[in-house]
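To find a chain, count down the sequence lines: A is the first, B the second, and so on, and within it residues start at 1.
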Protein chains: 2
Amino acid sequence: MTEERAKLEETREAFVTQWGVMGAQWGINRTMAQIHALLMTSADAMCTDSVMEALEISRGNAHTNLKDLVGWGLIKIVTKKGERKEFFEAEKDVWEIFRRVAKERKRREIDPALETLRNCKAATEGIDTREAKQFYEQMDQLEDFVTFASKISDRVASMKHGNAIKLAMKFFG
Amino acid sequence: MTEERAKLEETREAFVTQWGVMGAQWGINRTMAQIHALLMTSADAMCTDSVMEALEISRGNAHTNLKDLVGWGLIKIVTKKGERKEFFEAEKDVWEIFRRVAKERKRREIDPALETLRNCKAATEGIDTREAKQFYEQMDQLEDFVTFASKISDRVASMKHGNAIKLAMKFFG
DNA sequence: ATGAACTTTCAGTAAATACTGAAAACAGAT
DNA sequence: ATCTGTTTTCAGTATTTACTGAAAGTTCAT
């Protein structure tokens with residue numbers, strides 16, 4: 001029935017929109033998040049033109065965000081025999097998606113943050129005023145915490161599959 | 001020595017700047033993150049004017065972001081006897097900061113996301129095509145994962161103090 | 001009731017970010 | 001070497017987001 005087809009497309013569009021909103025709240029380009037949602041819910045790999053059409057965006061925009069997604073490891077390029085152009089396919093396993101995002105954010109954000117904190121500590125190490133001691137102490141606390149977060153992230157990135165969820169669920173849930 | 005005082009201020013400024021960059025990457029207004037960094041590393045509570053001066057921002061901007069930070073539970077308003085104006089003081093315990101952020105993001109983002117995913121499932125539940133089944137399956141996977149994240153967040157929010165870090169460190173580290 | 005000290009709002013503006021579309025570059029196929 | 005289908009780049013533009021500053025609102029002492 002064609003009504004069902006419409007219903008599915010409508011729901012999928014709602015999801016894509018919502019995923020875009022969420023992405024934006026987490027500091028991810030809205031369009032990139034939408035493309036990700038689109039591919040995650042696509043039964044087959046899509047080419048640039050299909051993405052452009054589905055989201056009504058320009059070639060440049062589609063191109064940039066597709067390549068960024070590849071950079072995040074969230075989608076990959078596939079080719080079809082006989083076809084010359086590139087198609088894109090999303091990783092669908094949710095745990096795997098989470099792992100890749102965690103890994104990438106660690107590399108891009110946690111590691112630099114640690115660097116800053118260590119520099120701040122080093123720069124104020126010897127100063128012997130109330131303010132400096134307090135500042136140093138705060139940097140130290142933050143460093144401990146971020147180091148902790150970093151370790152968690154590594155741990156997560158080394159766990160495989162949905163098994164990890166089930167295991168953790170038993171522990172936490 | 002006044003040279004030390006300068007060194008501390010310089011380092012603190014570097015930290016404030018960097019915290020702003022980080023915040024922006026995580027979808028938090030840069031200025032809000034900077035004010036947070038400023039207050040986190042302030043030995044004493046600061047008034048709106050001090051914040052304005054330190055970051056060279058307007059009254060309106062300072063006001064909005066200070067109130068947003070209060071809304072996130074990351075700073076609180078304090079009053080000094082004899083003084084009429086409001087002063088602001090940051091929560092300094094890093095674990096407590098993390099708890100509050102986790103709690104707030106859950107409320108603002110995870111809960112609505114769950115709602116969306118459930119709607120998407122409901123809307124496509126009965127449809128009997130390959131595409132619909134795949135879509136439903138993806139929404140289901142995501143829902144499981146987000147539910148899991150939600151539980152973790154609750155767990156975290158109910159743990160107290162830096163003890164939690166040490167405990168978890170033993171487990172993970 | 002008046003005014004001083006302070007907070008809040010918001011219309012207008014500035015800055016940052018994202019997007020378009022067309023041109024250039026590239027990669028086979030002939 | 002040229003043509004065709006495709007990807008990539010990027011200057012210019014649009015959109016979104018954040019900020020300013022002044023005016024209105026609030027609160028409290030006199």
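- Atom-to-atom, CZ of F88(A) to C1' of dT7(D) comes out at 9 Å; the value is rounded to the nearest Å.
- In this structure, the nucleotide among dT7(C), dC19(D), dT8(C) sitting nearest to the side chain of N61(B) is dC19(D).
- Straight-line distance from the CZ atom of R59(B) to the C1' atom of dG21(D): 10 Å, rounded to whole Å.
- Using a 4.5 Å cut-off on side-chain heavy atoms (C-beta onward), R5(B) and E9(B) make no contact.
- Comparing atom distances between the S58(A) side chain and each of dT7(C), dC19(C), dT7(D) picks out dC19(C) as nearest.
- The distance from atom CD of Q34(A) to atom C1' of dA18(C) is 12 Å, rounded to the nearest whole Å.
- When each of K133(A), Q141(A), Q134(A) is paired with E137(A), the side chain to side chain contact (heavy atoms under 4.5 Å, CB included) condition holds for Q141(A) and for no other.
- Here H63(B) reaches the OP1 or OP2 of dT8(C): one of its side-chain N or O atoms lies under 4.0 Å away.
- One can place NZ of K67(B) at 7 Å from P of dT7(C), the figure rounded to the nearest angstrom.
- Between the NZ atom of K80(A) and the P atom of dG5(D) there is a distance of 19 Å, rounded to whole Å.
- Following rounding to the nearest Å, R30(A) (CZ) and dT17(C) (C1') show an atom-to-atom distance of 11 Å.
- Between L142(A) and F15(B), the closest side-chain pair of non-hydrogen atoms falls below 4.5 Å.
- Using a 4.5 Å heavy-atom cutoff, the side chains of W72(A) and R108(A) are in contact.
- Rounded to whole Å, the distance from CE on M52(B) to C1' on dT20(D) is 10 Å.
- Relative to the side chain of N65(A), the nucleotides dT7(C), dC19(C), dT7(D) differ in distance, and dC19(C) lies closest.
- When each of A24(A) and E86(A) is assigned the nucleotide of DNA chain D bearing its nearest heavy atom, the one mapping closer to the 5' terminus is E86(A).
- Using a 4.0 Å heavy-atom cutoff across all strands shown, T31(A) reaches sugar-phosphate atoms only and no base atom.
- Between R118(B) and E143(B) there is a salt bridge, with a side-chain nitrogen of the basic residue lying less than 4.0 Å from a carboxylate oxygen of the acidic one.
- Nearest-nucleotide positions on DNA chain D for F87(A) and I28(B) put F87(A) closer to the 5' end.
- With L74(B) as the partner, the side chain to side chain contact (heavy atoms under 4.5 Å, CB included) test is satisfied by one option alone out of E91(B), M40(B), H36(B): H36(B).
- With contacts defined as side-chain heavy-atom distances shorter than 4.5 Å, the pair V78(B)/F88(B) does not qualify.
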Measure all distances between protein nitrogen or oxygen atoms and nitrogen or oxygen atoms of nucleotides 26-30 of chain C, and list the pairs falling under 3.5 Å.
unit_1, atom_1, unit_2, atom_2, d
dA27(C), N3, R84(A), NH2, 3.2

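- Note: CD1 (I57(B)) to P (dC19(D)) measures 8 Å, nearest angstrom.
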